[in-house]
Amino acid sequence: MAGLKTILCIEDEHFISELYARALRKAGYEVTIMLSGEDGLAAAQTDAYDLILLDLLTPGMSGMEILAILKDPTKTPKLH
């Protein structure tokens, strides 16, 4: 995990997202939490994160829909 520093957590359950964030921050990572699918997708498309934790049942847009958009190079061309 060398070099891993920033994590995006797309999770609509506040309690669960806070558990993830607390544990990951304690381990030295920077964590951003997005509570909706649309906000999570917008954040993920910035390519500012080393890792994305994606809930499959997010409001507004499912995790599978987000994943399909992120994997499509015509919709998210710069994602590493």
If I take atom [atom1] from residue [X] and atom [atom2] from residue [Y], how far apart are they, to the nearest 0.5 angstrom?
X: Glu65; Y: Glu38; atom1: CD; atom2: CD; value: 9.0 Å
X: Ile7; Y: Tyr49; atom1: CD1; atom2: OH; value: 11.0 Å
X: Leu8; Y: Asp47; atom1: CG; atom2: CG; value: 11.5 Å
X: Ser36; Y: Asp12; atom1: OG; atom2: CG; value: 9.0 Å

Would you say the side-chain atoms of [X] pair up with the backbone N or O of [Y], donor to acceptor, closer than 3.5 Å?
X: Ser17; Y: Cys9; answer: no
X: Asp50; Y: Lys5; answer: yes
X: Glu13; Y: Phe15; answer: no

Residue that, paired with Leu41, satisfies side-chain contact (heavy atoms from CB on, under 4.5 Å) out of Leu54, Ile66, Leu67, Ile10: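 Per the side-chain contact (heavy atoms from CB on, under 4.5 Å) rule, the option paired with Leu41 is Ile66, out of Leu54, Ile66, Leu67, Ile10.
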Just by distance, no angles: are the side chains of Asp55 and Thr58 close enough, under 3.5 Å, to form a donor-acceptor pair?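 Note: Asp55 and Thr58 side chains miss the donor-acceptor criterion.
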Does the side chain of Gln45 pick up a donor-acceptor pair with the side chain of Thr76 at under 3.5 Å?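 Gln45 vs Thr76: donor-acceptor pair found between side chains.
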Do you know the tightest heavy-atom contact between [X] and [Y]?
X: Lys71; Y: Pro73; value: O-CD, 3.2 Å
X: Ala48; Y: Thr6; value: O-OG1, 3.1 Å
X: Ala43; Y: Met34; value: CB-CE, 3.9 Å

Is it possible for you to say whether Ile33 and Leu51 belong to one hydrophobic cluster, with membership spreading through side-chain heavy-atom contacts below 4.5 Å?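 Yes; tracing contacts between hydrophobic side chains, which count when under 4.5 Å, links both residues.
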Evaluate the side-chain proximity of Leu53 to Glu11: yes if any heavy-atom separation is below 4.5 Å, no if none is.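 Heavy-atom side-chain distance check fails, nothing below 4.5 Å.
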Heavy-atom distance under 4.5 Å between the side chains of Ile52 and Leu70, does that happen here?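 Yes, their side chains come closer than 4.5 Å.
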